[in-house]
Engineer: 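Below you will find the structure I want to go over with you.
Throughout, protein chains are lettered first and strands after them, A, B, ... in sequence-line order, and every chain is numbered starting at 1.
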Amino acid sequence: MDAGVHELTRWSAARLGHALAAREVSAAEVTTAHLERIAAVDDRVHAFLCVDAEGALAAAETVDAARARGDQLPLLAGVPVAVKDVLAQTGLPTTCGSRILRGWVPPYDATVVRRLRAAGMVLLGKTNMDEFAMGSSTEHSAYGPTHNPWDLDRIPGGSGGGSAAAVASWSAPLAIGTDTGGSIRQPAAVTGTVGVKPTYGAVSRYGLVALASSLDQAGPCARTVADAALLHAVIAGHDRLDSTSIDAPVPDVVAAARRGAEADLRGVRVGLVRELDGDGYAPGVRTRFTEAVEVLAGLGAEVVEVSCPHFPYALAAYYLILPSEASSNLARFDGMRFGLRDGDDGTHSAEEVMARSRAAGFGPEAKRRIMLGTYALSTGYYDAYYGQAQKVRTLVAADFAAAFAQVDVVVSPTTPTTAFRLGEKVDDPMAMYLSDIATIPANLAGIAAMSLPAGRAEEDGLPVGVQLMAPAMADDRLYRVGAALEAALVARWGHLLIEEAPAL
Amino acid sequence: MSTTDTSEELLAYDEATERYDPVLGLEVHVELSTATKMFCGCPTVFGAEPNTQVCPTCLGLPGSLPVVNAVAVESAIRIGLALNCSIASWCRFARKNYFYPDMPKDYQVSQYDEPIATDGWIDVPATMDGQAHTVRVPIERAHLEEDTGKSLHVGGVTGRIHGAAYSLVDYNRAGIPLVEIVTRPIEGAGRWAPEFARAYVATLRDLVAGLGVSDVRMEQGSLRADVNLSLRPYGQQALGIRSETKNVNSLRSVERAVRYEVRRQAARLERGQRVVQETRHFHEDTGVTTPGRSKEQAEDYRYFPEPDLVPLAPDPAWVERLRAGLPEPPATRRARLAAAWGISTLEMDAVVHAGAVDLVEQTVAAGATPVAARRWWLGELARRANESGVGLAELGITPGQVARVVALVESASLPDSLARQVVAGVLDGEGEPEQVVVARGLSVVSDAVELTRVVDEALAQAPDVVAKIRAGKVAAAGAIVGAVMKSTAGRADAARVRELVLQRCAGAS
């Protein structure tokens, strides 16, 4: 094996960035190494829906040429990144994992994509996902599931299983995910990687094909907390094209991660959410989580229990708000202007063509949620469903506000279980929905949250994630505490958890 | 071109209004004349090539997001203030969900239970039974929303989507800001309901035009009226079942649509049938309304707050500044000007209908008498504008220029016939009135010797006329005056010529 090339895929984004800046390696070499890795493993992992070798190499050469001229470039210039196929990117199809968008090439870049390009990053391709980000396993992709690099018979989480698996399979050092109810954090947890859902409004949603507008948020997927911070800093910031984007300075997450790596949490108060504990969590998950909390205490953090009494209602509220917004957001997929069109043979009316296109283009989970949302918004039911759910949402936010009056961050397991087997829950929507029980409250409240590896469960040897949550626009706290925990655990393990994943 | 069902039975109008009390409701959509659309930066020029003023947002492409046009919000607030509404201190947009090919997102961003302006009124001048009245119409709300695209259904006989061979959609209009102004039920117009509906729309149009926030051109669709009408027996409190007539594209059509609906609904009620709550379409060519979609099984729009936008919370101080900056209401202004110019309401109406209020006002301000200013703008200039098919303001002559022509006439140096030539010169781009006078040699022949010579010449040519004058037939002098005016190309003062003619005839006897 040519250590020089293959080893590059094992480097962190930070290391790659410094080596590229020092011109120890070229962006073309780094890009080629990742393209080769994808070619070698992605037929089994299926993290990518589309790989843009040509575009990636061209971008890499542009960076190399600029560096050869002596231009000062951003740290991640020349570092590859994979983008979840829910973000519009010119030149490549954006499918959202749905048949209804097969072949649709957006005429514009999402703001996140524009910022990645502006930072000189190399866009490797688009990653697989549950259709329109609806799911927790990537099995609801119209283009086939993604497989967990730890065990190819298991799910990589969802909806952003492709982005997590790309990072976990060493196919990309970084990836962009989106998180509506846990779609960055749950895949990170079950693949032994790091995923961050920034504060709602911290990263522009312009060009992010909406599932639930009031919940969706793009964020970084990485193998280390420090790498996640570097990518977070590239994509966050106010965007006048997104009215819900926050016009305030982005907290210095990179500095926070650096400070956290000093592994000193004296003066930091950590809250254990009483309602996110208990019998619903697998033993291996509980054990690793308890250990992680002990590690935090060992680093000097003050650990206290906090109560969030309305969290038990969060899942139900979420499954009213999300389908309601989704039923409206997905209305535009009607075969009239773009995407799949069915029945346009001169014998059907426009209305029939719309209905047929939607019937043929949407998968079962999308249809299920469109029907749920249509019902919940109907006259006579609105107050009982959507209206009540919004009240629960307010109460969940109030629970967090009360907790953050006592503590700086709150912690919980990210998921109730480790990665389940492909096919295990695909026909049981309720079981699938419960995968997000711990991640949903942060979306409802719009706060910041991170998942990072806590170790492997004894019973199956699969990764377990620990979740950190911080107040809105205090994303830096996640990085400080996350980096400290990571540093302590890596010191104990002697390496990153992902290094323990079997070779593909 | 449209085939319409004219088989509906109608009751004679007088009979209908003797038995039933019409109640009106008007929903007027005003397209704002902002430079860009409601939620994106696309231009809003009317009549551009189809689908050339579009972007990801107004095409509803996946991932696109709306951003509120602040000028549209300002315009909506000004309309609300001019309608004496309360302006919401906090309100949201809502999504109105329904599927239609010309609506890019298959939902319309509108306002539902939180409109930006509520509970206002507008005073509408109306003539009923020969009496001038001012009726205060209650305004329920004015709210902001985006327009849809425009469908063109090709083939088929109705021009509607059913039966069409294919349809084309132009999304240039999609996303243009609209303000929808909704009245509360208007009661008490009685048999004058058609005229009153028209007067309301005309008054509203003038009010909005005065704010400068819309072109309010009904023929271009920048002001569109939906006319709701119901009938009830006189004395009954409860409202009857209403029809909602769309596609009413002129003031005259507003009147005709109401009249038709009164007759149609009355005929149904007379026969013991019920009025169906439905949307109807008005047909300009035949003057009838035909049913659209029934609202009996009301479409459920599943309104909910638009999560892609943040709430509007206009700063109260800003709203007060907008209020202070409102122009004088058209009715108040008209009354003030009519008094200042010493004219009747009817005469003022003529100025308004000619679209000449501003022009006359500015001409007077530039020194002309109100009588002369009105006479020019409503006479010669209106005629010229009509000939060239342009508005008075676009005719190519300024109020200042008109005032100078008036001054030339009034200083007696320019007879009317010459003044018209001066105006023609200005309109033809020959420069200022004074320049036209010089260039066209339009100065009056006022030199007595010269004028006497011309008169003598004319007298010499017509000894028979001279004889008649001398015989006492003074009226015959007109022929000589005419000849002199002709030979001077109208540059003589006719009264002076006549004097001279009589003088010369008398002197030579």
Side-chain angles (χ1 to χ4, degrees), chain A residues 86-88 94 96 101 104 106-108 110-111 132 201 204-210 212-216 239-245 321 324-325 327-339 346 349-351 353-355 358 373-382 386-387 390, chain B residues 39-41 51 54-69 93-109 112-113 149 151 153 155-156 161-169 171 174 298-312:
Chain A
V86 72
L87 288 150
T94 293
C96 298
L101 268 184
W104 180 63
Y108 74 106
T111 296
F132 288 107
S204 171
R205 291 187 299 113
Y206 188 74
L208 191 178
V209 180
S213 308
S214 72
L215 300 163
D216 298 341
D239 177 18
R240 56 177 192 81
L241 296 178
D242 175 1
S243 306
T244 61
S245 152
I321 293 168
S324 296
E325 293 185 12
S327 70
S328 175
N329 283 330
L330 297 183
R332 69 188 63 188
F333 301 94
D334 61 6
M336 289 292 118
R337 292 161 304 279
F338 48 79
S349 69
E351 210 167 55
V353 170
M354 283 180 165
R358 291 169 66 78
T374 302
Y375 185 75
L377 288 176
S378 299
T379 304
Y381 298 100
Y382 179 92
Y386 190 79
Q390 289 292 5
Chain B
F39 298 117
C40 64
N51 298 314
V54 292
C55 73
T57 293
C58 60
L59 282 177
L61 294 189
S64 64
L65 290 174
V67 177
V68 171
N69 181 337
F93 287 95
R95 291 189 187 174
K96 181 180 182 180
N97 294 287
Y98 64 99
F99 286 90
Y100 204 76
D102 67 14
M103 201 165 55
K105 302 181 292 293
D106 288 307
Y107 59 80
Q108 181 189 29
V109 180
Y112 179 51
D113 50 358
S151 299
H153 305 296
I161 190 163
H162 295 291
Y166 61 93
S167 301
L168 299 170
V169 189
Y171 293 104
E299 188 150 5
D300 189 345
Y301 293 121
R302 294 174 284 119
Y303 283 101
F304 73 105
E306 162 59 293
D308 284 331
L309 292 169
V310 291
L312 289 179

Engineer: Working to the nearest 0.5 angstrom, can you tell me the gap between A:Gln390 CD and B:Phe304 CZ?
Structural biologist: 9.5 Å

Engineer: Counting heavy atoms not belonging to B:Tyr112, are there more than 12 under 6.0 Å from its OH?
Structural biologist: no

Engineer: Heavy-atom cut-off 4.5 Å, strictly under: side chain, backbone, both or neither for A:Asn329 against chain B?
Structural biologist: both

Engineer: To the nearest 0.5 Å, how far apart are OG in A:Ser324 and CZ in B:Arg302?
Structural biologist: 9.5 Å

Engineer: Where does A:Arg240 contact chain B at under 4.5 Å (heavy atoms): side chain, backbone, both or neither?
Structural biologist: backbone

Engineer: What closest approach, in Å, do B:Val67 and A:Asp242 show between heavy atoms, and which atom pair accounts for it?
Structural biologist: CG2-N, 4.4 Å

Engineer: For chain B, which candidate among A:Gly387, A:Ser328, A:Ala210 shows the most heavy-atom pairs at distances under 4.5 Å?
Structural biologist: A:Ser328

Engineer: State, to 0.1 Å, how close B:Asp106 and A:Arg332 come at their nearest heavy-atom pair, and which atoms those are.
Structural biologist: OD2-CA, 3.6 Å

Engineer: What's the separation between atom CE in A:Met336 and atom CG in B:Asp102, rounded to the nearest 0.5 Å?
Structural biologist: 11.0 Å

Engineer: Which atoms of A:Thr374 are under 4.5 Å from chain B, going by heavy atoms: the side chain, the backbone, both sets, or neither?
Structural biologist: both

Engineer: State, to 0.1 Å, how close B:Arg95 and A:Glu325 come at their nearest heavy-atom pair, and which atoms those are.
Structural biologist: NH1-O, 4.2 Å

Engineer: With side chains defined as the heavy atoms from C-beta onward, is the minimum distance between B:Asp308 and A:Arg205 less than 4.5 Å?
Structural biologist: yes

Engineer: With respect to chain B, which residue among A:Ala88, A:Ser378, A:Ser214, A:Ser327 yields the maximal number of heavy-atom pairs within a distance under 4.5 Å?
Structural biologist: A:Ser378

Engineer: If I take atom OG from residue A:Ser243 and atom CD from residue B:Glu306, how far apart are they, to the nearest 0.5 angstrom?
Structural biologist: 8.5 Å

Engineer: What heavy-atom pair brings B:Pro305 and A:Tyr382 nearest, and what distance separates the two atoms?
Structural biologist: CD-OH, 3.3 Å

Engineer: B:Thr57 and A:Tyr206: side chain to side chain contact (heavy atoms under 4.5 Å, CB included), yes or no, with the steps?
Structural biologist: CA-CA 10 Å; B:Thr57 293; A:Tyr206 188 74; 4.1 Å; yes

Engineer: Would you give the length of the straight line joining atom CG of B:Asp300 to atom OG1 of A:Thr379, rounded to the nearest 0.5 angstrom?
Structural biologist: 3.0 Å

Engineer: At a heavy-atom separation under 4.5 Å, does B:Tyr166 approach chain A through its side chain, its backbone, both, or neither?
Structural biologist: neither

Engineer: Where does B:Asn97 contact chain A at under 4.5 Å (heavy atoms): side chain, backbone, both or neither?
Structural biologist: side chain

Engineer: Under 4.5 Å between any side-chain heavy atoms of A:Thr94 and B:Pro62, yes or no?
Structural biologist: no

Engineer: What is the minimum heavy-atom distance between A:Thr244 and B:Pro307, and which atoms define it?
Structural biologist: CG2-O, 3.7 Å

Engineer: With heavy-atom distances below 4.5 Å as the criterion, would you say the side chains of A:Tyr108 and B:Ser64 are in contact?
Structural biologist: yes

Engineer: At their closest point, which heavy atom of A:Met354 faces which heavy atom of B:Phe99, and how far apart are they?
Structural biologist: SD-CB, 4.0 Å

